[in-house]
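Just so you know, ligand 1 is whichever comes first in the structure, and atom 1 is the first atom listed for that ligand. Counting begins at 1 with the first residue of the sequence. All figures in this text were calculated on a predicted structure; none of them were measured in a lab.
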Amino acid sequence: MNFNCASNSHATQVEAGTLEMTDRHPCYSFKAHRTYARMHLPVAPRCNISCNYCNRKYDCVNESRPGVTSEVLTPEAARDKYLLVRDKVANLSVVGIAGPGDALANWGSVSRTIKLIKEVDREVIFCLSTNGLRLPDYAREIVQLGVKHVTVTVNCIEPDTGSLIYKHVNYQGRVYRGAAGAAILLQNQQKGIEFLARQGVLVKINIVMVKGINDERIPEVVRLVKGLGAFITNIMPLVPAPGSAFENFAPTDVAELNRMRDICGQDMRQMRHCKQCRADAIGLLDEDRSREFSTAGKKLNTNCGGCGQEQKVAMGGVR
Ligand code: CLF
Ligand code: SF4
């Protein structure tokens with residue numbers, strides 16, 4: 001049976017099964033977020049672009065809070081960790097891949113992880129987060145794998161603004177800087193979102209709100225992605241990451257952020273309960289249990305002086 005998703009101008013065809021899954025997805029459904037848990041598997045260490053709000057020592061800021069670093073797992077270790085966590089965390093409904101780099105810059109590991117988990121669990125919902133550069137290459141495979149929830153970070157829709165946000169884009173073996181790189185990224189994001197939405201995938205759009213850079217044009221971004229068939233937008237605050245090009249920018253003002261969500265809410269469904277979680281987050285959105293299941297965390301904790309800092313695991317030059 002097919003449903004018409006009336007919130008989008010594209011009248012996207014969304015299967016009833018996908019909507020049922022969404023009722024158990026803690027990010028896509030506000031109602032689900034206090035009942036259903038998600039688990040992130042950090043199997044994607046590399047990235048193919050350079051965002052000015054990112055410090056590459058840490059997790060991808062497009063989905064995570066800056067200054068947090070996750071251990072990296074092989075697909076087999078990720079499957080084993082999933083089985084362990086599934087036994088211990090109630091209502092674990094979603095396996096997400098959100099870094100620590102970009103899911104599609106590591107597609108071999110990511111797709112293998114999904115396949116391995118599907119062999120042992122047919123029910124779990126898969127969710128991917130990406131900057132969208134490689135969507136034209138992999139969107140078809142994402143659909144074939146049965147992934148119904150994909151997040152793409154779209155901060156702007158024109159290359160000039162993009163040139164203020166992205167230092168460079170590494171695409172098909174070449175490095176493109178400034179507006180030239182942003183143009184490739186934005187075009188690929190838009191193509192990919194439209195393709196996925198037409199195939200019945202529920203696409204969430206993350207937008208990092210940066211004052212003086214993209215804030216005034218966020219309503220245009222929301223209208224454009226709505227036209228492409230996106231399901232929901234998640235306007236996120238900039239949390240300036242030490243060591244990033246934007247480290248001295250002011251954090252996004254909460255009142256301004258909420259005002260922007262209200263404005264954009266007139267056009268499209270808004271997520272307002274995002275926790276900007278880590279690439280290895282586990283549990284309810286409000287209750288991260290990742291340390292309980294982290295081998296690296298346990299090792300570090302034996303020496304921990306109780307300073308309350310997040311653990312930092314060397315990435316060993318993988319990016
Ligand atoms: Fe993870 Fe993201 Fe899927 Fe959720 S998180 S890949 S959509 S399962 Fe959720 Fe965390 Fe916010 Fe992301 S609260 S950072 S929106
Ligand atoms: Fe950093 Fe994520 Fe941007 Fe890559 S996509 S540069 S990991 S914030």
Side-chain angles (χ1 to χ4, degrees), residues 21-22 24-30 32-34 36-70 92-106 110 124-134 147-155 162 165-170 181-182 185 189 201-208 210 231-239 241 243-246 270-288 290 315 318-319:
M21 281 182 192
T22 303
R24 292 185 288 124
H25 195 307
C27 304
Y28 280 66
S29 159
F30 179 78
H33 91 282
R34 293 213 172 88
Y36 288 97
R38 54 75 181 95
M39 170 182 195
H40 282 171
L41 289 170
V43 294
R46 289 180 298 277
C47 190
N48 44 19
I49 67 173
S50 176
C51 303
N52 283 333
Y53 45 69
C54 181
N55 176 344
R56 300 281 283 276
K57 278 198 301 201
Y58 304 117
D59 287 357
C60 175
V61 182
N62 283 338
E63 187 77 0
S64 313
R65 195 169 57 245
V68 172
T69 308
S70 306
L92 180 66
S93 58
V94 175
V95 162
I97 297 174
D102 181 70
L104 302 188
N106 301 266
V110 169
V124 73
I125 300 165
F126 291 100
C127 187
L128 297 178
S129 172
T130 176
N131 60 42
L133 179 67
R134 301 297 302 275
V147 178
K148 299 289 189 186
H149 297 85
V150 174
T151 294
V152 187
T153 302
V154 180
N155 294 315
I165 299 173
Y166 305 106
K167 215 172 298 161
H168 61 76
V169 165
N170 192 334
L185 175 67
Q189 289 174 340
V201 174
L202 297 185
V203 183
K204 175 163 75 61
I205 305 296
N206 282 357
I207 304 169
V208 183
V210 189
F231 180 75
I232 188 169
T233 58
N234 173 24
I235 306 171
M236 306 161 82
L238 172 76
V239 184
S244 72
F246 287 173
Q270 299 295 307
M271 178 179 185
R272 294 169 186 264
H273 60 287
C274 176
K275 302 296 175 210
Q276 291 177 280
C277 31
R278 343 172 15 124
D280 61 357
I282 293 173
L284 299 175
L285 296 191
D286 287 325
E287 193 189 292
D288 182 37
S290 55
M315 299 294 295
V318 282
R319 295 188 173 197

Ring geometry between Y28 and H149 (parallel below 30°, tilted from 30 to 60°, perpendicular above 60°):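 Rings of H149 and Y28: perpendicular, as their planes differ by over 60°.
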
Parallel, tilted or perpendicular: ring planes of Y53 versus F246, cut at 30 and 60 degrees: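 Tilted.
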
Do side-chain atoms of [X] reach the backbone of [Y] as a donor and acceptor pair under 3.5 angstrom?
| X | Y | value |
| --- | --- | --- |
| N106 | R46 | yes |
| S93 | R24 | yes |
| H40 | P100 | no |
| D102 | N131 | yes |
| N234 | I205 | no |

Residue list, side-chain hydrogen bond (donor to acceptor under 3.5 Å, both in side chains) with S244, at least two apart or on another chain: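 With neighbours one apart ignored, the set is empty.
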
From N48 atom CG to L185 atom CG, the distance as rounded to the nearest 0.5 Å: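 Those atoms lie 8.5 Å apart.
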
Taking only heavy atoms of [X] into account, list the atoms of ligand 1 that are under 4.0 Å away from them.
| X | value |
| --- | --- |
| V94 | 8 (S) |
| L285 | 13 (S) |
| K275 | 11 (Fe), 13 (S) |

Top protein contact for atom 11 (Fe) of ligand 1, by heavy-atom distance: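 Of the protein heavy atoms, C274 SG, 2.3 Å lies nearest.
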
Identified side-chain contact (heavy atoms from CB on, under 4.5 Å) counterpart of Q189 within the set T130, V154, N155: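 With Q189 as partner, T130, V154, N155 yield a single side-chain contact (heavy atoms from CB on, under 4.5 Å), made by V154.
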
Sub-4.0 Å heavy-atom contact, H149 with ligand 1: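 No; H149 lies far enough from ligand 1 that no heavy-atom distance drops under 4.0 Å.
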
Heavy atom of H273, distance to ligand 1 below 4.0 Å: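 For ligand 1, residue contact (heavy atoms, under 4.0 Å) with H273 is absent.
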
Per-atom contacts, ligand 2 versus C47 - under 4.0 Å to a heavy atom: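 Reading through ligand 2 atom by atom, the close ones are 4 (Fe), 5 (S), 6 (S), 7 (S).
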
N, O or S atoms of the protein lying under 2.8 Å from atom 2 (Fe) of ligand 1: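 Listed by chain and number: E63 OE2.
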
Ligand 2 contacted by D102 (non-hydrogen, < 4.0 Å):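 Under 4.0 Å: no for D102.
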
Side chain, backbone, both or neither: C51 near ligand 2, heavy atoms under 4.0 Å: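 C51 to ligand 2: contacts from backbone and side chain alike.
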
